[in-house]
Amino acid sequence: MKAKLAELVSRSIREIYPQVTFPDVQISIPQSRYGDFATNIALRLAPQLEGELPKITQELAATIMQNDEGRMLIDCQATRTGFINFKLSDKFLQHQITLIREKDRHFGRSDQGKGKKVLIEFVSANPTGPLHIGHGRWAVIGDDIAALLSATGFAVEREYYVNDIGTQVEKLEESVRARAESREVPEGGYGGAYISEVAEKLLDRIGRSNFREILLSHMLNDHKRVLEKLKVNFDNYYRESSLHGSGKVKAALEEIKAKGLTFEEDGALWFKSQELGDDKNRVLVRKGGETTYFAADIAYHLDKFRRGFDRLINVWGTDHHGYVPRLRAALKALGLPVEHFEIIIGQLVALFRGAEPVRMSKRTGEMITLEEVIEEIGPDATRFFLTMVSANSHLEFDLELAKQAAPSNPVYYVQYAHARISSIFREGVERGVGIERSADLSLLIHPAERELVRKLIDLPDEILSAAQAREPHRMVIYAKELAAIFHNFYHKCRVLSEDEKLTAARLQLVDATRIVLRNVLELLSVTAPERM
RNA sequence: GGGCCCGUAGCUCAGUUGGAUAGAGCAACAGAUUUCUAAUCUGUCGGUCGGAGGUUCGAAUCCUCUCGGGCCCGCCA
């Protein structure tokens with residue numbers, strides 16, 4: 001919709017001011033008292049044109065109106081402040097109901113991505129302990145971004161990088177073995193209660209030569225199992241060890257060496273990351289000859305690009321933000337397109353029960369796991385709450401609120417709108433009233449009806465901008481707003497009534513609403529219930 | 001000490017990449033159902049956008065400084 005209007009505006013500008021070069025036309029959604037859409041283009045054009053702003057604005061508005069051959073607009077107002085406000089015609093809006101119902105599941109989707117390949121890596125938690133609510137947040141954000149990109153025409157793969165080698169894994173194994181033999185866990189090992197549980201479960205296999213692999217599979221499967229409860233599924237689990245086995249780490253290091261970007265000091269091999277924007281140089285090969293995690297990660301990201309992805313997106317927790325410059329430095333060193341490598345940093349989650357903070361310290365072992373949260377409040381509320389807030393804001397997650405079947409709980413509020421619609425159709429069936437093939441949509445002239453259709457048609461723009469910004473929380477906001485507008489409509493406009501024609505028209509509107517609500521919830525992997 | 005994120009209504013947060021008189025939800029208060037689900041709706045109350053400078057026709061948004069909170073600063077991953 002925005003693109004259509006922008007095109008109309010651009011065409012009109014070229015017509016009146018052929019000599020002017022102008023920036024992309026921005027179409028915004030103003031407060032409803034101004035109109036359905038607006039543009040500030042006259043404000044931005046005025047300095048170049050030397051004319052008076054009101055005159056330019058008015059000229060442009062008049063031309064736009066003339067050029068609107070599709071009769072989208074009923075009004076196009078120039079304001080004194082330099083805006084041009086658009087009002088869509090009722091006829092145009094009413095027709096959108098039909099289009100939405102025709103597109104059904106496809107409504108909102110687009111092909112902007114043109115099938116470009118995107119790899120999104122997220123969670124990638126160490127297999128050394130249970131997932132916590134923070135992991136849940138990165139998981140949901142990553143999964144939602146992937147869904148948004150799919151919906152906008154990208155070929156997306158979800159990947160989980162498994163840190164299956166190195167010091168942490170060794171410590172894990174030592175800790176489990178110690179517990180299995182009723183010894184104290186070694187210094188710097190893992191001491192949580194889950195270690196004992198794992199030890200107990202794997203006790204009969206602890207003597208096997210491949211015990212470490214058994215242990216790793218166990219931990220990884222546990223993560224998979226929990227993530228599946230959240231409806232997060234990965235296309236690939238990429239093992240760090242495979243990079244070593246295939247010689248990819250060595251090869252990557254050779255490439256960096258060949259560029260003269262390494263040096264030796266204290267028996268270690270260093271990467272001159274400082275020359276490429278990092279605040280210090282980093283070790284690639286340790287004194288003892290072992291490569292670092294960083295070295296493997298370089299090889300991993302090189303491999304991602306070599307696998308043919310146009311764009312890489314990583315979702316990391318804020319505790320890894322300091323790692324960003326060195327990895328970017330490494331990609332630069334290898335001549336990879338850093339501008340196609342994005343890292344989304346997700347801030348932490350603070351859990352509450354009402355006003356009481358829930359402690360989640362690893363040390364005390366009293367950590368609430370992600371699985372416990374899902375069990376307590378359910379996958380829908382978990383996903384919804386974890387998506388609700390922008391990734392770079394801290395999230396205060398109130399378990400009490402998320403659990404409540406009350407209007408103050410936004411998940412229920414949105415789902416209830418969908419259930420209500422389903423209920424209307426159920427009641428319609430009882431009364432022998434169903435959706436007709438055609439209806440006179442011009443009967444939909446109530447302000448609440450207009451407002452509802454007006455909101456429905458935003459879905460494609462909302463998905464597109466949320467995808468481009470990698471900000472799934474916008475979809476939650478949209479869902480809440482749409483639900484609010486629907487509930488308002490529901491109170492003001494009775495759907496099933498004596499008036500058969502109006503009933504037929506409203507059923508179509510309500511059906512379109514159902515489609516949009518369901519599509520949004522589906523995008524967020526939250527269920528759209530028919531009854532509550 | 002340095003880096004990243006945050007600071008907007010009593011609380012939790014939006015704010016479309018610099019535009020109009022800064023918006024929601026919750027809480028509080030006052031109302032609404034002979035009706036398709038009251039898990040709902042309507043209205044009222046509520047703001048020096050942490051603070052100070054600066055850039056601009058225009059700043060919550062950009063720059064500098066400053067205060068407060070979170071996270072990080074390893075030859076761990």
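Each chain gets a letter, A, B and so on, in the order its sequence line appears, and its residues count up from 1. Given the structure is predicted, the values throughout are model-derived calculations rather than measurements.
- With RNA chain B read from its 5' end, the first of the two nearest nucleotides for A:Ile27 and A:Phe37 is the one closest to A:Ile27.
- A:Asp36 pairs in a salt bridge (charged side-chain N to carboxylate O under 4.0 Å, His left out) with only one of the listed residues (A:Arg450, A:Lys87, A:Lys455), which is A:Arg450.
- Taken residue by residue, residues 475-488 of chain A places heavy atoms nearer than 4.0 Å to RNA chain B at A:Ile477, A:His487, A:Asn488.
- Anti is the classification of B:U44, since its glycosidic angle lies more than 90° from 0.
- For the P atoms, the distance from B:G25 to B:C45 is 14 Å, rounded to whole Å.
- Side-chain nitrogen and oxygen atoms of A:Ser393 include at least one within less than 4.0 Å of the OP1 or OP2 phosphate oxygen of B:A14.
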In 5'-to-3' order, the base (B), backbone-only (S) or no-contact (-) status of each nucleotide in nucleotides 28-34 of chain B, using a 4.0 angstrom heavy-atom cut-off, is -------
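- In this view, A:Lys4 satisfies the salt bridge (Lys or Arg N to Asp or Glu O under 4.0 Å) rule with no residue, not counting sequence neighbours.
- A heavy-atom distance below 4.0 Å to RNA chain B is reached by these residues of residues 266-277 of chain A, ordered by number: A:Asp266, A:Ala268, A:Trp270.
- The ring-ring contact (aromatic ring centres under 6.0 Å, His included) search around A:Phe271 returns none, not counting sequence neighbours.
- Checked against salt bridge (Lys or Arg N to Asp or Glu O under 4.0 Å), A:Arg518 has the following partners two or more places apart in sequence or in another chain: A:Asp104.
- Nucleotides B:U12 and B:G7 have their P atoms positioned 12 Å apart, rounded to a whole Å.
- Among residues two or more places apart in sequence or in another chain, the salt bridge (Lys or Arg N to Asp or Glu O under 4.0 Å) test is passed with A:Glu462 by none.
- A:His473 has a side-chain polar atom (N or O) that falls below the 4.0 Å cut-off from OP1 or OP2 of B:G15.
- Rounded to a whole Å, the CG atom of A:Asn409 is 17 Å from the P atom of B:U12.
- Nucleotides B:A52 and B:U61 place their P atoms 12 Å apart, quoted to the nearest Å.
- Side chain of A:Asn314 to backbone of A:Ile343: no donor-acceptor contact under 3.5 angstrom is found.
- No hydrogens or angles were tested; on distance alone, nothing pairs the side chain of A:Asn40 with the base of B:A20 as donor and acceptor under 3.5 Å.
- Listed by chain and number, the residues in a ring-ring contact (aromatic ring centres under 6.0 Å, His included) with A:His487 are A:Tyr413, A:Tyr416 (sequence neighbours excluded).
- Listed by first and then second residue, the salt bridge (charged side-chain N to carboxylate O under 4.0 Å, His left out) pairs that reach into residues 341-355 of chain A are A:Arg311-A:Glu342, A:Glu342-A:Arg470, A:Arg353-A:Glu376, sequence neighbours excluded.
- A:Phe425 comes within 4.0 angstrom of no nucleic acid atom, judged by non-hydrogen atoms across all strands.
- For A:Lys224 and A:Tyr237, the positive end sits near the middle of the six-membered ring, less than 6.0 Å away and at most 45° from its axis.
- For A:Asp319, whose side chain is taken as the heavy atoms from C-beta onward, the closest listed nucleotide among B:C26, B:C71, B:C36 is B:C71.
- The two residues A:Phe384 and A:Pro410 come nearest to each other via the heavy atoms CE2-CB, 3.8 Å.
- The side chain of A:Tyr413 places an N or O atom within less than 4.0 Å of a non-bridging phosphate oxygen (OP1 or OP2) of B:C41.
- Stacking of A:Arg420 on the aromatic ring of A:Tyr490 is recorded, both the 6.0 Å distance cut-off and the 45° axial limit being met.
- Between the side chains of A:Tyr190 and A:Glu173, not a single donor N or O lies within less than 3.5 Å of an accepting N or O.
- Distance A:Phe263 CZ to B:C75 P: 11 Å, rounded to the nearest Å.
- Side-chain contact of A:Asp380 with A:Gln415: a donor-acceptor pair under 3.5 Å is present, judged by distance alone.
- Picking from B:C73, B:C36, B:A14 the nucleotide with the shortest atom distance to the side chain of A:Val389 gives B:A14.
- Between the side chains of A:Tyr194 and A:Asp222, no donor N or O sits under 3.5 Å from an acceptor N or O.
- Atom C1' of nucleotide B:G15 and atom CZ of A:Arg474 are separated by 10 Å, given to the nearest angstrom.
- Looking at residues two or more places apart in sequence or on another chain, you find no ring-ring contact (aromatic ring centres under 6.0 Å, His included) involving A:Phe37.
- In this structure, of B:C75, B:A39, B:G23, it is B:C75 that holds the atom nearest to the side chain of A:Thr292.
- Taking atom CZ of A:Phe489 as the reference point, atom C1' of B:C41 lies 14 Å away to the nearest angstrom.
- Residue contacts for A:Arg431: at a heavy-atom cut-off of 4.0 Å it reaches the sugar-phosphate backbone alone, with no base atom in range.
- Rounded to the nearest Å, the gap between the P atom of B:G51 and that of B:C57 is 25 Å.
- No side-chain donor-acceptor contact under 3.5 Å links A:Asp499 and A:Ser497.
- Heavy atoms of A:Gln415 sit nowhere under 4.0 angstrom from any nucleic acid atom.
- A:Pro325 comes within 4.0 angstrom of no nucleic acid atom, judged by non-hydrogen atoms across all strands.
- Only the P atoms considered, B:G43 is 33 Å distant from B:C62, to the nearest whole Å.
- Per the geometry, CG belonging to A:Asp297 stands 11 Å off P belonging to B:A77, to the nearest Å.
- Annotation: ring-ring contact (aromatic ring centres under 6.0 Å, His included) contacts of A:Phe425 (sequence neighbours excluded): none.
- Considering only side-chain N and O atoms, A:Arg531 lies nowhere under 4.0 angstrom from the phosphate OP1 or OP2 of B:A39.
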For nucleotides 61-64 of chain B, list the nitrogen or oxygen atoms of the protein found under 3.5 Å from its nitrogen or oxygen atoms, one pair per line.
none

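- Considering only side-chain N and O atoms, A:Gln31 lies under 4.0 angstrom from the phosphate OP1 or OP2 of B:G23.
- A:Arg286 places its CZ atom 14 Å from the P atom of B:G74, with the value rounded to the nearest Å.
- Spacing between atom CZ of A:Arg470 and atom P of B:U17 amounts to 16 Å, rounded to whole angstrom units.
- Each of A:Tyr412 and A:Thr81 lies near RNA chain B, and the nucleotide nearest A:Thr81 is the one positioned closer to the 5' end.
- Backbone-only engagement by A:Thr167 is indicated by non-hydrogen atom pairs under 4.0 Å involving sugar-phosphate atoms exclusively.
- Residue A:Glu430 is classed as having no contact, given no heavy-atom separation below 4.0 Å to the nucleic acid.
- At a threshold of 4.0 angstrom between heavy atoms, the contacts of A:Gln168 include nucleobase atoms, whether or not backbone atoms are also involved.
- Whole-Å rounding puts the A:Arg44 CZ to B:U56 P distance at 19 Å.
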